[in-house]
Q: 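First the structure, which I've put down as structure tokens, then a few questions once you've had a look.
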Amino acid sequence: MMVLFGASCIATAQQLVVTVVMSRTPSPYISDWRSNPNTVQFFVTNPTSQSVEARFNGYIEGEKRGRVAETKLEAKIAPVTIPPGASTFNGIDAHLIEEGAVRYLGPTRAETQRSGRLPEDNYRLCIQLVAVDEPWAPLSNVMCAPFEIRLLLPPSLIAPSNTGSIGTPPAFQWTPVPLTPGKFASYELRLVELDPG
């Protein structure tokens with residue numbers, strides 16, 4: 001499911017308009033966002049008759065954790081050329097998720113940086129186009145889109161017990177995997193016979 005958010009902004013010289021389309025339940029791994037360009041997309045409108053060079057500046061903020069990641073504007077990232085009219089960019093085109101382009105923040109900074117995985121929370125991704133050079137003057141509105149990260153706990157076997165003896169056809173039972181309403185887990189079960197010793 002994709003969520004679309006847009007807003008108009010006050011027209012000024014080189015004022016761009018950004019709309020964010022974000023998967024509502026993306027992978028918690030930022031590397032997966034690189035391999036799936038549909039995870040996040042940006043629609044940019046340039047109402048002028050000239051192309052504009054800009055940088056995408058953004059942050060990820062959680063309800064419980066606060067800001068967990070933001071763009072490093074000082075990083076040596078190539079600018080994006082925004083032609084007149086409407087354009088579409090993904091996270092890769094925008095250079096938002098390149099190595100070295102993101103700064104991780106907050107109490108989970110070390111874990112997120114090490115694992116490349118966002119912790120569980122309800123988040124919002126906020127984006128703005130800014131000038132290429134310092135002081136990175138804003139060139140667009142700020143637009144945000146919500147998403148959520150849920151880490152699944154693997155099921156554990158309740159019955160029959162692990163390494164237990166089975167005399168009759170067993171009824172398997174394991175702990176449930178909590179998912180959002182309307183979503184169901186599928187399971188793969190591997191049964192191995194153990195010889196004595």
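Basis for what follows: all heavy atoms, side chains included, without hydrogens, waters or symmetry-related copies.
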Q: Quick check for you: to the nearest 0.5 Å, what is the distance between R124 atom CZ and E61 atom CD?
A: 4.5 Å

Q: Quick one, P119 and T112 - any side-chain contact, counting heavy atoms below 4.5 Å?
A: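 Yes - at least one pair of side-chain heavy atoms lies under 4.5 Å apart.
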
Q: Which atoms form the tightest heavy-atom contact between P83 and S51, and what is the distance?
A: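 Shortest heavy-atom contact: CA-OG, 3.6 Å.
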
Q: With a 4.5 Å cut-off on side-chain heavy atoms, are I82 and V44 touching?
A: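 Of all side-chain heavy-atom pairs linking I82 with V44, at least one is under 4.5 Å.
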
Q: Any side-chain heavy-atom pair from L96 and F42 closer than 4.5 angstrom?
A: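 Yes, close enough: below the 4.5 Å cut-off.
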
Q: Once you round to the nearest 0.5 Å, how far does OG of S35 lie from CD1 of I30?
A: 11.5 Å

Q: Just do the side-chain contact (heavy atoms from CB on, under 4.5 Å) check on R150 and N122 with the steps written out, would you?
A: CA-CA 9 Å; R150 296 290 172 258; N122 293 323; 2.6 Å; yes

Q: Just distance, no hydrogens or angles: give the donor-acceptor pairs under 3.5 Å from side chains in residues 127-139, sequence neighbours left out.
A:
residue: Q128; atom: NE2; partner: S140; partner atom: O; Å: 3.0
residue: W136; atom: NE1; partner: V132; partner atom: O; Å: 3.2

Q: Can you name the salt bridge (charged side-chain N to carboxylate O under 4.0 Å, His left out) partners of E74, sequence neighbours left out?
A: R103

Q: So N141 and V18, side-chain contact (heavy atoms from CB on, under 4.5 Å) or not? Walk me through it.
A: CA-CA 7 Å; N141 55 316; V18 178; 4.0 Å; yes

Q: Verify, without hydrogens or angle tests, whether R55 (side chain) and L73 (backbone) share a donor-acceptor contact under 3.5 angstrom.
A: yes

Q: Any disulfide (SG to SG under 2.5 Å) involving residues 28-117? Give me the pairs, sequence neighbours left out, ordered by first then second residue.
A: none

Q: Residues two or more places apart in sequence or in another chain: which of them pass side chain to side chain donor-acceptor pair (under 3.5 Å) with S27?
A: D32

Q: Quick one: pull up CD1 in I77 and CZ in F56 and give me the separation to the nearest 0.5 Å.
A: 13.0 Å

Q: Take N90 and R34 through the test side-chain hydrogen bond (donor to acceptor under 3.5 Å, both in side chains) and record every step on the way to the result.
A: CA-CA 9 Å; N90 59 38; R34 292 185 192 103; over 6 Å; no

Q: Determine the minimum heavy-atom distance between A145 and M22, stating which atoms define it.
A: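 In this case the closest contact between A145 and M22 is CB-CB, 3.8 Å.
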
Q: Taking all non-hydrogen atoms of both residues, which atom of T48 and which atom of Q50 are closest, and how far apart?
A: OG1-O, 3.0 Å

Q: R67: which residues meet the side chain to side chain donor-acceptor pair (under 3.5 Å) condition with it, sequence neighbours left out?
A: E70

Q: Quick one: are the ring centres of F43 and F89 less than 6.0 Å apart?
A: no

Q: Using 0.5 Å steps for rounding, measure from the OG atom of S31 to the CZ atom of R117.
A: 11.5 Å

Q: Got E148 and E120 here, is their nearest side-chain heavy-atom distance under 4.5 Å?
A: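 Heavy-atom side-chain distance check fails, nothing below 4.5 Å.
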
Q: Between V40 and L125, is there a side-chain heavy-atom distance shorter than 4.5 Å?
A: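 They are in side-chain contact.
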
Q: Under a 4.5 Å side-chain heavy-atom rule over Ile, Leu, Val, Met, Phe, Trp and Tyr, are W33 and L105 clustered together?
A: no

Q: Testing the basics here: between V142 and C126, what is the closest heavy-atom pair and its distance to 0.1 Å?
A: CG1-CB, 4.3 Å

Q: Are the side chains of D93 and V80 in contact, using a 4.5 Å heavy-atom criterion?
A: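 V80 does not reach D93 side chain to side chain.
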
Q: Between F147 and Y123, what is the ring plane arrangement, given parallel below 30°, perpendicular above 60°, and tilted in between?
A: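 Rings of F147 and Y123: parallel, as their planes differ by under 30°.
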
Q: R65: which residues meet the salt bridge (charged side-chain N to carboxylate O under 4.0 Å, His left out) condition with it, sequence neighbours left out?
A: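 Once residues adjacent in sequence are excluded, R65 has no partner under the salt bridge (charged side-chain N to carboxylate O under 4.0 Å, His left out) criterion.
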
Q: For the residue pair T71 and V102, establish whether any side-chain heavy-atom pair is separated by less than 4.5 Å.
A: no

